Enquirer: 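Take this structure, written in structure tokens, and hold onto it; I'll ask about it next.
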Amino acid sequence: MEELFTSGRNIPNIDPYLQIWHWPISVYLFLGGLAAGILFFAAIITILGKDKEYPTAVKKASIIAPIALVIGLLALFYDLTHKIYFWRLYTTVRIESPMSWGAWVLMFITPLSMLWVFSYYSEIFPKWGLKYDFLKKFEKFLIANRKYMAYALIPLTLILGVYTGILLSAFNARPLWNNAILGPLFLVSGLSTGAASIILLSKTKKEKHLFGKIDLGLIIIELALIVHMIMGFYAGSEVQLEAIQLLIGGDFTVLFFGFVVILGLLIPAIMELIELIGYKLPAMIPAILVIIGGLIFRFVMVEAGQLTRYLY
Amino acid sequence: MRYAMLIDTLKCVGCSDCVVACQTENDVPMGYCRDWITEVVNGQYPNLDLELKSERCNHCDNAPCVRCCPTGASHKSTGGIILVTANECIGCGACIESCPYDARYQHPEGYVDKCTFCHHRLEKGQLPACVSVCPTNCMYFGDLDNPNSEVSQLLNNRKHKTLAPEAGTKPQVYYLL
Ligand code: SF4
Ligand code: SF4
């Protein structure tokens, strides 16, 4: 039997367990993934030349991306404790630090997403035409270069999507985070929430149908990755075995299995499948469930991860 | 130069003098500490084994806190001491998440703070505050690159361990057993 006491230590936010990253970080990771998903589909559809057939994906849904990115960045900023030095993020590039290259990727992708939306300005807001000539010229220029923007967006969105997971998985001090699946898992989950938002906004049956299919595929991949993650933990060291207990038989089991796996993945997958077979179901419901599930998943991972640690 | 600290668990009585000395020397804000005492009890009554020791930042050779810092505020300084430059730190907390020993904390002013091996005292040729006050002389400090230093000799001759070596951090605070 071993017992460990630490005397005279009760540091705020550190003891008895870490509370350094709060809800803004979960929101930031969720919105980053969502924006990555939306922009990824907008770019792919543009490159394939299908933008006329799937207008929501390239136009209406893409408005969400810059808004999500800006809110996400504000959330991140809100959780910094030494805010006046925020600019220090952009005076160095530190490849070893996910926080650093993530900040740089956001630096590129946020303005690019704004330019993307601006290139559709006249189509999205036909009533409020552009007043100034130079703005009209600029829009024309952007329209002409939309394909190039799309080519740039593909790698950037994939990096952004993976980054939201790697930001956590790079910490070996927090065993629940320290698994290599988290990067791809958050990427797929981000793509899935992106597809779900397109379904939510879309008016045409064809578009809803296509993104329903895409979303179903993504959910299946996501479920497979979650199984893979849990198996990886069970094959791991003692700290990892202890960490996964939080999700399997601990404080986060209800949130994880109830809200993320069942309500956020299984039920939407079944509903999308039923729809695919030909029955009529409101496409809104699975889409909303996927989005809420994605958000709760980020919360569970950020909160639970900080409870796990090395015991020595 | 490779600074290291050795703490003799057979001599430490857990009096917390090192904790108070550090708080005084480094103006550590109320309620915070850069070093602390742990007691590990092993076995079953009446056959108990008690280990007392003073813990702090391990000034890891392979420091995850330095790797994950997005601004370079956390860095490796002379002798392998890991330091935080307060006016480069944005308070993102990544380094706190990355430390397997929970050795860092957010200073009430926002930047991240932790043990510095009292580098300001080392520059003047003095020992770290904790080492210099220990009433049982259970702490040793010196240069591991010098094979004749007291710390090198002790590590050669005594059984020792580091904390959570499986975390891969290569700690430079050693515990003599
Ligand atoms: S003990 Fe923690 S804070 Fe100190 S160097 Fe190692 S990882 Fe960094
Ligand atoms: S809190 Fe400060 S020292 Fe720590 S990783 Fe962030 S910027 Fe670096």
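Letters go in sequence order (proteins before strands), and every chain restarts at 1. Keep in mind that what you see is a predicted model, and the values were worked out from it rather than measured.
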Enquirer: With a sphere of 6.0 Å drawn around OH of Tyr90(A), does it hold more than 12 non-hydrogen atoms of other residues, nucleotides or ligands?
Expert: yes
Enquirer: Can you tell which part of Cys33(B) gets under 4.5 Å to a heavy atom of chain A, answering side chain, backbone, both or neither?
Expert: both
Enquirer: Considering all heavy atoms of both residues, which atom of Pro70(B) and which atom of Leu89(A) are nearest to each other, and what is their separation?
Expert: CB-CD2, 3.6 Å
Enquirer: Are any of the side-chain heavy atoms of Tyr85(A) and Glu88(B) separated by less than 4.5 Å?
Expert: no
Enquirer: Do Thr6(A) and Ile37(B) pass the side-chain contact (heavy atoms from CB on, under 4.5 Å) test, and can you show the C-alpha distance, the side-chain angles, and the key distance before you say yes or no?
Expert: CA-CA 6 Å; Thr6(A) 306; Ile37(B) 307 290; over 6 Å; no
Enquirer: Determine whether more than 12 heavy atoms belonging to other residues, nucleotides or ligands lie under 6.0 Å from atom OH of Tyr111(B).
Expert: yes
Enquirer: For Asn172(A) and Pro100(B), which heavy atoms make the closest approach, and how far apart are they?
Expert: OD1-CG, 4.5 Å
Enquirer: Sort out for me which of Asp15(A), Asp79(A), Ile20(A) touches chain B most, counting heavy-atom pairs under 4.5 Å.
Expert: Ile20(A)
Enquirer: Please round to the nearest 0.5 Å and tell me the distance separating atom CH2 of Trp87(A) and atom OG1 of Thr71(B).
Expert: 10.0 Å
Enquirer: For Gln126(B), look at atom CD and say whether over 12 heavy atoms of other residues, nucleotides or ligands are found less than 6.0 Å away.
Expert: yes
Enquirer: Measure from the side-chain N and O atoms of Arg94(A) to the backbone N and O of Cys68(B), and report whether any donor-acceptor pair falls under 3.5 Å.
Expert: no
Enquirer: Heavy-atom cut-off 4.5 Å, strictly under: side chain, backbone, both or neither for Asn13(A) against chain B?
Expert: side chain
Enquirer: Using non-hydrogen atoms only, which part of Glu109(B) is less than 4.5 Å away from chain A: side chain, backbone, both, or neither?
Expert: backbone
Enquirer: Rounded to the nearest 0.5 Å, what's the gap from CD1 on Ile84(A) to CG on Asn87(B)? Could you check?
Expert: 9.0 Å
Enquirer: So, taking the atom named CD in Glu97(B) and the one named CD1 in Ile25(A), what distance separates them when rounded to the nearest 0.5 Å?
Expert: 8.5 Å
Enquirer: Does the side chain of Tyr32(B) reach to within under 4.5 Å of the side chain of Pro12(A), using non-hydrogen atoms?
Expert: yes
Enquirer: Would you mind checking which part of Ile11(A) comes under 4.5 Å of any heavy atom in chain B, side chain (CB onward), backbone (N, CA, C, O), both or neither?
Expert: both
Enquirer: Counting only heavy atoms not in Lys11(B), do more than 12 sit closer than 6.0 Å to its NZ atom?
Expert: yes
Enquirer: Return the option, out of Gly72(B), Ala86(B), Cys69(B), Gly168(B), with the maximum number of heavy-atom pairs under 4.5 Å with chain A.
Expert: Cys69(B)
Enquirer: Which distance, rounded to the nearest 0.5 Å, do you find between the CZ of Phe171(A) and the SG of Cys65(B)?
Expert: 11.0 Å
Enquirer: Measure across Ala173(A) and Cys99(B) and return the closest heavy-atom pair with its distance rounded to 0.1 Å.
Expert: CB-C, 3.6 Å
Enquirer: Taking Ser97(A), Gly305(A), Ser100(A) one by one, which has the highest count of heavy-atom pairs under 4.5 Å against chain B?
Expert: Ser97(A)
Enquirer: Take atom CE in Met1(B); do more than 12 heavy atoms of anything else shown fall under 6.0 Å from it?
Expert: yes
Enquirer: Within the distance-only criterion (no hydrogens, no angle test), does the side chain of Trp21(A) pair as donor or acceptor with the backbone N or O of Cys92(B) below 3.5 angstrom?
Expert: yes
Enquirer: Evaluate whether atom NE2 of His228(A) has more than 12 neighbouring non-hydrogen atoms of other residues, nucleotides or ligands under 6.0 angstrom away.
Expert: no
Enquirer: Run the numbers on Asp102(B) and Leu18(A) for side-chain contact (heavy atoms from CB on, under 4.5 Å), then give the verdict.
Expert: CA-CA 8 Å; Asp102(B) 291 346; Leu18(A) 227 52; 4.1 Å; yes
Enquirer: How about OH on Tyr234(A), more than 12 heavy atoms from neighbouring residues, nucleotides or ligands closer than 6.0 Å, or not?
Expert: yes
Enquirer: Once you round to the nearest 0.5 Å, how far does OG of Ser98(B) lie from CG of Asn178(A)?
Expert: 11.5 Å
Enquirer: Between Arg9(A), Lys83(A), Glu96(A), Gln306(A), which shows the greatest number of heavy-atom pairs under 4.5 Å with chain B?
Expert: Arg9(A)
Enquirer: If I measure from the heavy atoms of chain B, does Trp177(A) come under 4.5 Å with its side chain, its backbone, both, or neither?
Expert: side chain
Enquirer: Near Phe108(A) CZ, under 6.0 Å, is it more than 12 heavy atoms from other residues, nucleotides or ligands?
Expert: no
Enquirer: What closest approach, in Å, do Arg104(B) and Ile14(A) show between heavy atoms, and which atom pair accounts for it?
Expert: O-CD1, 3.3 Å
